Amino acid sequence: MSHVDIVVANASELLTMVGPDGETHGARRGAALGHVGVIEDGAVAIHDGRIVATGPSRDILASFDAGTLVDAKDGVVMPGFVDTHTHLVWAGSRAWELEWKLQGRTYREITEAGGGIPYTVKETRQADPDHLAALAAERARDALHHGTTALEAKSGYGLDELSELGQLEAIRMARGRIHQRLYATYLGAHERPPEHRDDPTPYLDEMRTSTLPKVAKRGLATFCDAFVEKGVYSPDEVRPLLIEAKRLGLKVRIHADEFNDLGGAAFAVDLGAASADHLLSISDDGIEALAGSDTVATLLPLVPYAIRDPTYAPARKMVERGCIVSLATDFNPNVPCLNMGFVVQQAVYAMGLAPAEALVAATVNAGHSLDPEAGLGVLAPGHPADLVVTDQATHVHLAYAFGRNHVRAVVAGGRHIPL
Ligand code: NIG
Ligand code: FE
(Lines give C-alpha, C1' and ligand atoms only; values in the text may rest on other atoms or scores of the structure.)
(Ligands and ions follow the chains in the order given, each with its own letter.)
Protein backbone atom coordinates (compact mmCIF):
# COMPACT_ATOMS: atom_id res chain seq x y z
CA MET A 1 0.00 0.00 0.00
CA SER A 2 1.47 3.37 -0.84
CA HIS A 3 0.89 6.45 1.23
CA VAL A 4 -0.73 9.52 -0.35
CA ASP A 5 -1.83 12.90 0.99
CA ILE A 6 -5.52 12.60 0.12
CA VAL A 7 -8.00 10.05 -1.18
CA VAL A 8 -11.42 11.28 -2.28
CA ALA A 9 -13.70 8.23 -2.38
CA ASN A 10 -17.32 7.16 -2.80
CA ALA A 11 -18.19 9.46 -5.68
CA SER A 12 -21.49 8.39 -7.25
CA GLU A 13 -19.91 9.51 -10.51
CA LEU A 14 -16.28 10.49 -10.86
CA LEU A 15 -16.16 12.70 -13.96
CA THR A 16 -12.56 12.24 -15.10
CA MET A 17 -13.17 14.17 -18.34
CA VAL A 18 -10.80 11.72 -20.04
CA GLY A 19 -11.83 11.70 -23.72
CA PRO A 20 -13.55 8.91 -25.67
CA ASP A 21 -10.19 7.60 -26.90
CA GLY A 22 -8.41 8.03 -23.60
CA GLU A 23 -7.29 11.60 -24.33
CA THR A 24 -5.99 13.45 -21.27
CA HIS A 25 -4.92 16.62 -23.10
CA GLY A 26 -6.24 18.74 -25.92
CA ALA A 27 -9.61 20.23 -26.73
CA ARG A 28 -12.88 18.38 -27.32
CA ARG A 29 -15.00 19.08 -30.39
CA GLY A 30 -18.25 17.73 -31.78
CA ALA A 31 -19.40 14.44 -30.27
CA ALA A 32 -16.34 14.30 -27.98
CA LEU A 33 -17.67 17.40 -26.18
CA GLY A 34 -20.34 15.23 -24.60
CA HIS A 35 -17.91 12.75 -23.05
CA VAL A 36 -17.38 13.22 -19.30
CA GLY A 37 -15.45 9.95 -18.71
CA VAL A 38 -17.55 8.60 -15.84
CA ILE A 39 -16.20 6.11 -13.29
CA GLU A 40 -19.10 4.95 -11.15
CA ASP A 41 -18.44 4.73 -7.42
CA GLY A 42 -15.13 6.38 -8.21
CA ALA A 43 -12.16 7.63 -6.21
CA VAL A 44 -9.05 9.76 -6.70
CA ALA A 45 -5.66 9.45 -4.98
CA ILE A 46 -3.68 12.70 -4.61
CA HIS A 47 -0.09 13.38 -3.60
CA ASP A 48 2.11 16.48 -3.73
CA GLY A 49 -0.52 18.52 -5.54
CA ARG A 50 -0.95 15.97 -8.32
CA ILE A 51 -3.32 13.16 -9.10
CA VAL A 52 -1.72 9.77 -8.60
CA ALA A 53 -4.56 7.48 -9.64
CA THR A 54 -8.28 7.34 -10.39
CA GLY A 55 -10.50 4.26 -10.36
CA PRO A 56 -13.32 2.46 -8.56
CA SER A 57 -13.38 3.33 -4.84
CA ARG A 58 -12.76 -0.29 -3.84
CA ASP A 59 -9.50 -0.47 -5.85
CA ILE A 60 -8.20 2.94 -4.79
CA LEU A 61 -8.97 2.31 -1.10
CA ALA A 62 -7.21 -1.06 -1.33
CA SER A 63 -4.10 0.45 -2.97
CA PHE A 64 -3.57 3.71 -1.08
CA ASP A 65 -3.37 4.71 2.52
CA ALA A 66 -4.39 8.36 2.80
CA GLY A 67 -3.37 11.14 5.19
CA THR A 68 -6.83 12.61 4.65
CA LEU A 69 -9.80 10.58 3.47
CA VAL A 70 -12.56 12.69 1.93
CA ASP A 71 -15.91 10.90 1.74
CA ALA A 72 -17.81 12.20 -1.30
CA LYS A 73 -21.00 10.66 0.19
CA ASP A 74 -22.35 9.57 -3.17
CA GLY A 75 -22.03 12.97 -4.77
CA VAL A 76 -20.47 13.71 -8.14
CA VAL A 77 -16.74 14.47 -8.04
CA MET A 78 -15.35 16.39 -11.01
CA PRO A 79 -12.47 18.67 -12.00
CA GLY A 80 -12.67 22.20 -10.63
CA PHE A 81 -14.13 24.74 -13.02
CA VAL A 82 -11.75 26.83 -15.11
CA ASP A 83 -13.07 30.37 -15.51
CA THR A 84 -11.16 31.87 -18.44
CA HIS A 85 -12.82 35.28 -18.67
CA THR A 86 -13.09 37.49 -15.61
CA HIS A 87 -12.66 41.18 -14.95
CA LEU A 88 -11.69 40.52 -11.35
CA VAL A 89 -10.11 43.88 -10.54
CA TRP A 90 -12.36 46.94 -10.26
CA ALA A 91 -13.66 49.27 -7.59
CA GLY A 92 -17.16 50.54 -6.88
CA SER A 93 -20.41 49.01 -8.06
CA ARG A 94 -22.86 49.53 -10.88
CA ALA A 95 -25.92 48.16 -9.08
CA TRP A 96 -27.71 51.40 -9.94
CA GLU A 97 -27.61 50.46 -13.65
CA LEU A 98 -30.19 47.78 -12.95
CA GLU A 99 -32.91 50.43 -12.83
CA TRP A 100 -31.84 51.69 -16.26
CA LYS A 101 -31.82 48.15 -17.62
CA LEU A 102 -35.36 47.70 -16.36
CA GLN A 103 -36.35 50.87 -18.23
CA GLY A 104 -35.21 49.09 -21.39
CA ARG A 105 -31.90 50.87 -21.95
CA THR A 106 -29.26 48.90 -23.84
CA TYR A 107 -25.69 48.29 -22.75
CA ARG A 108 -24.42 50.90 -25.23
CA GLU A 109 -27.05 53.46 -24.18
CA ILE A 110 -26.10 52.98 -20.53
CA THR A 111 -22.43 53.52 -21.41
CA GLU A 112 -23.25 56.69 -23.35
CA ALA A 113 -25.41 58.01 -20.50
CA GLY A 114 -22.56 57.80 -17.96
CA GLY A 115 -22.50 54.17 -16.88
CA GLY A 116 -20.64 51.15 -18.25
CA ILE A 117 -16.87 50.74 -18.44
CA PRO A 118 -16.09 54.52 -18.28
CA TYR A 119 -17.92 54.79 -14.95
CA THR A 120 -15.94 51.90 -13.47
CA VAL A 121 -12.71 53.38 -14.87
CA LYS A 122 -13.36 56.54 -12.83
CA GLU A 123 -13.87 54.49 -9.65
CA THR A 124 -10.95 52.16 -10.29
CA ARG A 125 -8.40 54.87 -11.11
CA GLN A 126 -8.93 56.20 -7.58
CA ALA A 127 -8.24 52.85 -5.91
CA ASP A 128 -4.71 51.82 -4.95
CA PRO A 129 -3.29 48.42 -5.94
CA ASP A 130 -3.45 47.12 -2.33
CA HIS A 131 -7.18 47.73 -2.17
CA LEU A 132 -7.69 46.19 -5.62
CA ALA A 133 -5.63 43.15 -4.61
CA ALA A 134 -7.81 42.69 -1.53
CA LEU A 135 -10.95 42.90 -3.69
CA ALA A 136 -9.53 40.44 -6.23
CA ALA A 137 -8.56 37.95 -3.51
CA GLU A 138 -11.99 38.18 -1.89
CA ARG A 139 -13.66 37.58 -5.26
CA ALA A 140 -11.36 34.64 -6.01
CA ARG A 141 -12.42 33.11 -2.68
CA ASP A 142 -16.04 33.48 -3.76
CA ALA A 143 -15.16 31.71 -7.03
CA LEU A 144 -13.44 28.92 -5.06
CA HIS A 145 -16.57 28.49 -2.97
CA HIS A 146 -18.41 27.87 -6.26
CA GLY A 147 -15.84 25.32 -7.41
CA THR A 148 -13.49 27.37 -9.61
CA THR A 149 -9.91 26.15 -9.18
CA ALA A 150 -8.24 28.12 -11.98
CA LEU A 151 -9.17 31.52 -13.34
CA GLU A 152 -8.10 34.35 -15.55
CA ALA A 153 -8.23 38.03 -14.53
CA LYS A 154 -8.05 41.05 -16.81
CA SER A 155 -6.96 44.62 -16.26
CA GLY A 156 -8.90 47.15 -18.35
CA TYR A 157 -10.45 49.64 -15.93
CA GLY A 158 -7.47 51.98 -15.93
CA LEU A 159 -7.02 52.91 -19.59
CA ASP A 160 -3.79 54.69 -18.80
CA GLU A 161 -0.37 53.22 -18.17
CA LEU A 162 -0.09 53.81 -14.46
CA SER A 163 -3.45 52.44 -13.54
CA GLU A 164 -3.36 49.47 -15.96
CA LEU A 165 0.01 48.43 -14.49
CA GLY A 166 -1.49 48.93 -11.01
CA GLN A 167 -4.30 46.52 -11.81
CA LEU A 168 -1.87 43.92 -13.08
CA GLU A 169 0.21 44.41 -9.90
CA ALA A 170 -2.98 43.86 -7.90
CA ILE A 171 -3.54 40.55 -9.71
CA ARG A 172 0.03 39.55 -8.90
CA MET A 173 -0.47 40.42 -5.22
CA ALA A 174 -3.77 38.54 -5.08
CA ARG A 175 -2.08 35.40 -6.41
CA GLY A 176 -0.20 34.86 -3.14
CA ARG A 177 -3.40 35.06 -1.08
CA ILE A 178 -5.66 32.56 -2.82
CA HIS A 179 -5.79 28.83 -3.46
CA GLN A 180 -6.33 28.91 -7.22
CA ARG A 181 -4.09 29.35 -10.21
CA LEU A 182 -4.62 32.88 -11.46
CA TYR A 183 -3.63 33.92 -15.00
CA ALA A 184 -3.35 37.61 -15.86
CA THR A 185 -4.46 39.41 -19.02
CA TYR A 186 -3.49 42.94 -20.05
CA LEU A 187 -6.67 44.51 -21.43
CA GLY A 188 -5.56 48.11 -21.94
CA ALA A 189 -7.72 48.12 -25.08
CA HIS A 190 -10.98 47.59 -23.15
CA GLU A 191 -12.49 50.96 -24.13
CA ARG A 192 -11.35 54.29 -25.47
CA PRO A 193 -9.97 56.33 -22.57
CA PRO A 194 -11.96 59.47 -21.71
CA GLU A 195 -8.89 61.55 -22.71
CA HIS A 196 -8.88 60.05 -26.22
CA ARG A 197 -12.53 59.39 -27.00
CA ASP A 198 -12.49 60.77 -30.52
CA ASP A 199 -9.09 59.62 -31.65
CA PRO A 200 -7.55 56.73 -29.72
CA THR A 201 -4.33 56.74 -31.81
CA PRO A 202 -2.09 58.27 -29.11
CA TYR A 203 -3.37 55.74 -26.56
CA LEU A 204 -2.90 52.81 -28.96
CA ASP A 205 0.68 54.01 -29.53
CA GLU A 206 1.29 54.33 -25.79
CA MET A 207 0.02 50.79 -25.16
CA ARG A 208 2.17 49.31 -27.91
CA THR A 209 5.41 51.20 -27.35
CA SER A 210 5.41 51.85 -23.61
CA THR A 211 2.94 49.85 -21.51
CA LEU A 212 3.14 46.51 -23.27
CA PRO A 213 6.96 46.28 -23.06
CA LYS A 214 6.71 46.99 -19.31
CA VAL A 215 4.00 44.34 -18.90
CA ALA A 216 6.19 41.82 -20.73
CA LYS A 217 9.44 42.75 -18.97
CA ARG A 218 7.86 42.56 -15.50
CA GLY A 219 6.09 39.30 -16.34
CA LEU A 220 2.76 40.86 -15.39
CA ALA A 221 0.54 39.06 -17.90
CA THR A 222 0.26 35.83 -19.88
CA PHE A 223 -2.27 37.29 -22.33
CA CYS A 224 -3.12 40.51 -24.13
CA ASP A 225 -6.80 41.16 -24.94
CA ALA A 226 -8.77 43.82 -26.85
CA PHE A 227 -12.47 44.72 -27.13
CA VAL A 228 -13.16 44.63 -30.89
CA GLU A 229 -16.52 46.36 -31.28
CA LYS A 230 -18.21 49.18 -33.15
CA GLY A 231 -17.41 52.43 -31.34
CA VAL A 232 -14.58 50.81 -29.38
CA TYR A 233 -11.71 49.32 -31.45
CA SER A 234 -11.68 47.93 -34.99
CA PRO A 235 -9.49 44.95 -35.94
CA ASP A 236 -7.20 47.31 -37.85
CA GLU A 237 -6.75 49.57 -34.85
CA VAL A 238 -5.66 46.82 -32.44
CA ARG A 239 -3.80 44.52 -34.86
CA PRO A 240 -0.39 46.25 -34.33
CA LEU A 241 -0.82 46.06 -30.55
CA LEU A 242 -1.68 42.36 -30.59
CA ILE A 243 1.10 41.49 -33.02
CA GLU A 244 3.56 43.30 -30.76
CA ALA A 245 2.12 41.41 -27.77
CA LYS A 246 2.85 38.12 -29.52
CA ARG A 247 6.35 39.27 -30.44
CA LEU A 248 6.96 39.96 -26.74
CA GLY A 249 5.80 36.45 -25.80
CA LEU A 250 2.22 37.11 -24.71
CA LYS A 251 -0.71 35.11 -26.03
CA VAL A 252 -3.87 36.74 -27.35
CA ARG A 253 -7.54 36.67 -26.31
CA ILE A 254 -10.19 38.81 -28.04
CA HIS A 255 -13.58 40.23 -27.04
CA ALA A 256 -15.12 39.45 -30.44
CA ASP A 257 -18.46 39.88 -32.20
CA GLU A 258 -20.37 40.78 -29.06
CA PHE A 259 -22.93 43.30 -30.35
CA ASN A 260 -21.77 43.75 -33.94
CA ASP A 261 -20.01 41.38 -36.29
CA LEU A 262 -16.74 43.12 -37.14
CA GLY A 263 -15.20 39.84 -38.26
CA GLY A 264 -13.76 39.46 -34.75
CA ALA A 265 -13.78 35.65 -34.77
CA ALA A 266 -11.83 35.41 -38.05
CA PHE A 267 -9.51 38.16 -36.78
CA ALA A 268 -8.81 36.09 -33.65
CA VAL A 269 -8.10 33.01 -35.75
CA ASP A 270 -5.81 35.03 -38.00
CA LEU A 271 -3.78 36.13 -34.99
CA GLY A 272 -3.62 32.57 -33.64
CA ALA A 273 -5.46 33.77 -30.53
CA ALA A 274 -5.97 31.37 -27.63
CA SER A 275 -9.62 32.40 -27.53
CA ALA A 276 -12.37 34.53 -29.06
CA ASP A 277 -14.96 35.49 -26.45
CA HIS A 278 -18.65 36.57 -26.43
CA LEU A 279 -19.59 35.81 -30.10
CA LEU A 280 -23.28 36.72 -29.72
CA SER A 281 -23.24 38.23 -33.22
CA ILE A 282 -20.84 35.82 -34.90
CA SER A 283 -21.40 35.21 -38.65
CA ASP A 284 -21.37 31.83 -40.38
CA ASP A 285 -17.96 32.72 -41.79
CA GLY A 286 -16.76 33.41 -38.27
CA ILE A 287 -18.03 30.02 -37.14
CA GLU A 288 -16.25 28.29 -40.04
CA ALA A 289 -13.02 30.16 -39.24
CA LEU A 290 -13.14 29.05 -35.59
CA ALA A 291 -14.08 25.48 -36.55
CA GLY A 292 -10.95 25.20 -38.67
CA SER A 293 -8.68 26.54 -35.95
CA ASP A 294 -7.36 25.87 -32.46
CA THR A 295 -8.81 29.17 -31.18
CA VAL A 296 -11.31 28.42 -28.42
CA ALA A 297 -14.81 29.95 -28.66
CA THR A 298 -15.52 31.20 -25.14
CA LEU A 299 -19.25 31.64 -24.60
CA LEU A 300 -20.50 33.85 -21.78
CA PRO A 301 -24.20 33.11 -21.23
CA LEU A 302 -24.49 35.39 -18.20
CA VAL A 303 -24.00 38.45 -20.44
CA PRO A 304 -27.32 38.32 -22.36
CA TYR A 305 -28.94 37.45 -19.02
CA ALA A 306 -27.40 40.53 -17.33
CA ILE A 307 -28.21 42.96 -20.12
CA ARG A 308 -31.72 41.55 -20.61
CA ASP A 309 -31.12 40.81 -24.29
CA PRO A 310 -32.50 37.54 -25.65
CA THR A 311 -29.58 37.06 -28.09
CA TYR A 312 -27.40 34.16 -26.99
CA ALA A 313 -24.37 32.87 -28.89
CA PRO A 314 -25.31 30.13 -31.39
CA ALA A 315 -23.79 27.44 -29.21
CA ARG A 316 -25.39 24.39 -30.87
CA LYS A 317 -24.37 25.48 -34.32
CA MET A 318 -20.83 26.08 -33.14
CA VAL A 319 -20.60 22.63 -31.56
CA GLU A 320 -22.04 20.98 -34.65
CA ARG A 321 -19.61 22.80 -36.99
CA GLY A 322 -16.69 21.65 -34.82
CA CYS A 323 -15.66 24.79 -32.92
CA ILE A 324 -13.90 24.28 -29.59
CA VAL A 325 -16.61 25.63 -27.30
CA SER A 326 -15.88 26.69 -23.74
CA LEU A 327 -17.74 28.66 -21.06
CA ALA A 328 -16.83 31.41 -18.62
CA THR A 329 -18.54 33.89 -16.29
CA ASP A 330 -17.30 37.26 -17.67
CA PHE A 331 -17.46 38.48 -14.08
CA ASN A 332 -17.48 42.32 -14.21
CA PRO A 333 -19.57 45.18 -12.74
CA ASN A 334 -22.26 44.38 -15.32
CA VAL A 335 -22.19 40.61 -14.57
CA PRO A 336 -21.46 40.35 -10.84
CA CYS A 337 -21.37 36.56 -10.68
CA LEU A 338 -18.50 34.09 -10.24
CA ASN A 339 -20.69 31.00 -10.06
CA MET A 340 -19.53 28.66 -12.85
CA GLY A 341 -22.23 26.16 -11.89
CA PHE A 342 -24.81 28.78 -12.85
CA VAL A 343 -22.93 29.38 -16.12
CA VAL A 344 -23.23 25.65 -16.87
CA GLN A 345 -26.94 25.77 -16.04
CA GLN A 346 -27.49 28.78 -18.28
CA ALA A 347 -25.54 27.13 -21.09
CA VAL A 348 -27.98 24.23 -20.87
CA TYR A 349 -31.28 26.05 -20.30
CA ALA A 350 -30.63 29.16 -22.41
CA MET A 351 -28.21 27.94 -25.10
CA GLY A 352 -29.19 24.29 -25.50
CA LEU A 353 -25.97 22.51 -24.60
CA ALA A 354 -26.34 19.07 -23.05
CA PRO A 355 -25.26 18.86 -19.39
CA ALA A 356 -22.19 16.79 -20.29
CA GLU A 357 -21.24 19.23 -23.07
CA ALA A 358 -21.50 22.22 -20.76
CA LEU A 359 -19.38 20.50 -18.10
CA VAL A 360 -16.63 19.58 -20.58
CA ALA A 361 -16.75 23.13 -21.99
CA ALA A 362 -16.32 24.60 -18.49
CA THR A 363 -13.38 22.36 -17.57
CA VAL A 364 -11.35 20.66 -20.34
CA ASN A 365 -11.86 23.19 -23.13
CA ALA A 366 -11.53 26.14 -20.79
CA GLY A 367 -8.27 24.69 -19.47
CA HIS A 368 -7.04 24.18 -23.02
CA SER A 369 -7.55 27.87 -23.81
CA LEU A 370 -5.76 29.01 -20.64
CA ASP A 371 -2.81 26.66 -20.39
CA PRO A 372 -2.80 23.82 -22.94
CA GLU A 373 0.12 21.94 -21.38
CA ALA A 374 -1.05 22.09 -17.75
CA GLY A 375 -3.70 19.37 -17.89
CA LEU A 376 -6.35 21.57 -16.25
CA GLY A 377 -9.89 20.20 -16.24
CA VAL A 378 -8.98 16.50 -16.51
CA LEU A 379 -8.60 14.05 -13.61
CA ALA A 380 -5.81 11.73 -14.71
CA PRO A 381 -2.46 10.67 -13.22
CA GLY A 382 0.06 13.50 -13.27
CA HIS A 383 -2.57 16.22 -13.65
CA PRO A 384 -3.08 19.01 -11.10
CA ALA A 385 -5.15 17.91 -8.09
CA ASP A 386 -7.91 20.49 -8.67
CA LEU A 387 -11.35 19.00 -8.09
CA VAL A 388 -14.73 19.55 -6.50
CA VAL A 389 -17.00 17.34 -4.44
CA THR A 390 -20.67 18.06 -5.05
CA ASP A 391 -23.92 17.10 -3.35
CA GLN A 392 -25.64 15.91 -6.55
CA ALA A 393 -25.88 12.26 -7.57
CA THR A 394 -25.36 12.61 -11.35
CA HIS A 395 -23.78 15.10 -13.73
CA VAL A 396 -27.23 15.72 -15.22
CA HIS A 397 -28.44 16.94 -11.83
CA LEU A 398 -25.59 19.48 -11.69
CA ALA A 399 -27.17 21.25 -14.66
CA TYR A 400 -30.81 20.39 -13.98
CA ALA A 401 -31.04 21.75 -10.44
CA PHE A 402 -30.32 25.39 -11.17
CA GLY A 403 -29.85 28.35 -8.87
CA ARG A 404 -27.95 26.73 -6.01
CA ASN A 405 -24.33 25.96 -5.31
CA HIS A 406 -23.75 22.19 -5.45
CA VAL A 407 -20.12 22.37 -4.30
CA ARG A 408 -19.48 20.76 -0.90
CA ALA A 409 -15.68 20.64 -0.84
CA VAL A 410 -12.80 21.65 -3.05
CA VAL A 411 -9.31 20.28 -3.54
CA ALA A 412 -7.17 23.04 -5.09
CA GLY A 413 -3.48 22.50 -5.82
CA GLY A 414 -3.67 19.31 -3.73
CA ARG A 415 -5.08 21.08 -0.63
CA HIS A 416 -8.40 19.98 0.77
CA ILE A 417 -10.69 22.92 1.49
CA PRO A 418 -13.98 21.90 3.16
CA LEU A 419 -16.73 24.47 2.60
O1 NIG B 1 -16.66 41.44 -21.36
N2 NIG B 1 -17.80 43.78 -23.40
C3 NIG B 1 -16.85 44.39 -22.88
N4 NIG B 1 -16.37 44.27 -21.64
C5 NIG B 1 -16.97 43.59 -20.57
C6 NIG B 1 -17.98 44.42 -19.86
C7 NIG B 1 -17.33 45.25 -18.85
C8 NIG B 1 -18.24 46.20 -18.12
O9 NIG B 1 -19.41 46.39 -18.47
O10 NIG B 1 -17.73 46.77 -17.14
C11 NIG B 1 -17.49 42.25 -21.04
O12 NIG B 1 -18.69 42.00 -21.02
FE1 FE C 1 -15.12 40.70 -20.84
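These numbers were taken from a predicted model, which means no experiment stands behind them. Every number for a ligand or one of its atoms is a count from 1 in the order of the listing. Here, residue 1 is the first one in the sequence, and each next residue gets the next number.
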Notebook entry, point to check: For ligand 1, is there an N or O atom under 3.5 Å from any N or O atom of His278?
Noted result: yes
Next item on the list: Before signing off on this row, confirm whether Glu258 and ligand 1 have an N or O atom pair separated by under 3.5 Å.
Entry: yes
Next item on the list: Considering the heavy atoms of Asn332, write down every atom of ligand 1 situated less than 4.0 Å from one of them.
Entry: 5 (C), 6 (C), 7 (C), 8 (C), 9 (O), 10 (O), 11 (C), 12 (O)
Checklist line | Per-atom contacts of ligand 1 with Asn334, taking only distances under 4.0 Å to non-hydrogen atoms | finding: 9 (O)
Does at least one non-hydrogen atom of [X] fall below 4.0 angstrom from an atom of ligand 1?
| X | result |
| --- | --- |
| Glu229 | no |
| Ile117 | yes |
| Tyr157 | yes |
| Gly116 | no |

Notebook entry, point to check: Under the ring-ring contact (aromatic ring centres under 6.0 Å, His included) criterion, do His397 and His406 qualify, and how do the steps go?
Noted result: CA-CA 9 Å; His397 284 80; His406 301 308; 8.9 Å; no
Is the number of heavy atoms from other residues, nucleotides or ligands under 6.0 Å of [X] [atom1] greater than 12?
| X | atom1 | value |
| --- | --- | --- |
| Glu99 | CD | no |
| Arg175 | CZ | yes |
| Tyr305 | OH | no |

Notebook entry, point to check: Which one holds for Arg94 and ligand 1: side chain close, backbone close, both close, or neither close, with close meaning a heavy atom under 4.0 Å?
Noted result: side chain
Note to self: Using 30° and 60° as the class boundaries, would you call the ring planes of His255 and His278 parallel, tilted or perpendicular?
What the structure shows: tilted
[atom] - nearest protein heavy atom and its distance:
| atom | answer |
| --- | --- |
| atom 4 (N) of ligand 1 | His190 NE2, 2.9 Å |
| atom 12 (O) of ligand 1 | Asp330 OD2, 2.5 Å |
| atom 9 (O) of ligand 1 | Tyr107 OH, 2.6 Å |
| atom 3 (C) of ligand 1 | Phe227 CE2, 3.4 Å |

Check: What N, O or S atom of Asp330 is found closest to the Fe ion (ligand 2)?
Finding: OD1
Margin query: Looking only at N, O or S atoms, which one in His85 sits nearest to the Fe ion (ligand 2)?
Written below: NE2
Notebook entry, point to check: Where do Thr329 and Val335 land on the side chain to side chain contact (heavy atoms under 4.5 Å, CB included) test, with the steps shown first?
Noted result: CA-CA 8 Å; Thr329 57; Val335 183; 5.7 Å; no
Margin query: Suppose we only count N/O/S atoms under 2.8 Å; would His87 qualify as near the Fe ion (ligand 2)?
Written below: yes
Margin query: When you measure from the Fe ion (ligand 2) to the N, O or S atoms of His255, does any of those distances fall below 2.8 Å?
Written below: yes
Check: Would you call His25 and His383 a side-chain contact if the rule is heavy atoms closer than 4.5 Å?
Finding: yes
Notebook entry, point to check: Side chains of Leu398 and Glu13: closer than 4.5 Å at any heavy-atom pair?
Noted result: no
Check: Can Tyr119 and Trp90 be said to form a ring-ring contact (aromatic ring centres under 6.0 Å, His included), step by step?
Finding: CA-CA 11 Å; Tyr119 179 90; Trp90 44 269; over 10 Å; no
Note to self: Using modelled atom types and a 3.5 Å cut-off, is there a donor and acceptor pairing between side-chain atoms of Thr298 and backbone atoms of Ser326?
What the structure shows: no
Would you be so kind as to tabulate the donor-acceptor pairs closer than 3.5 Å made by side chains of residues 181-195, with sequence neighbours excluded?
residue : atom : partner : partner atom : Å
Arg181  : NE   : Asp386  : OD2          : 3.4
Tyr183  : OH   : Asp371  : OD2          : 2.6
Thr185  : OG1  : Glu152  : OE2          : 2.6
His190  : ND1  : Gly156  : O            : 3.0
Arg192  : NE   : Val232  : O            : 2.9
Arg192  : NH1  : Arg197  : O            : 3.0
Arg192  : NH1  : Asp198  : O            : 3.4
Arg192  : NH2  : Val232  : O            : 3.4
Glu195  : OE1  : Arg125  : NH2          : 3.3
Glu195  : OE2  : Arg125  : NH1          : 2.8

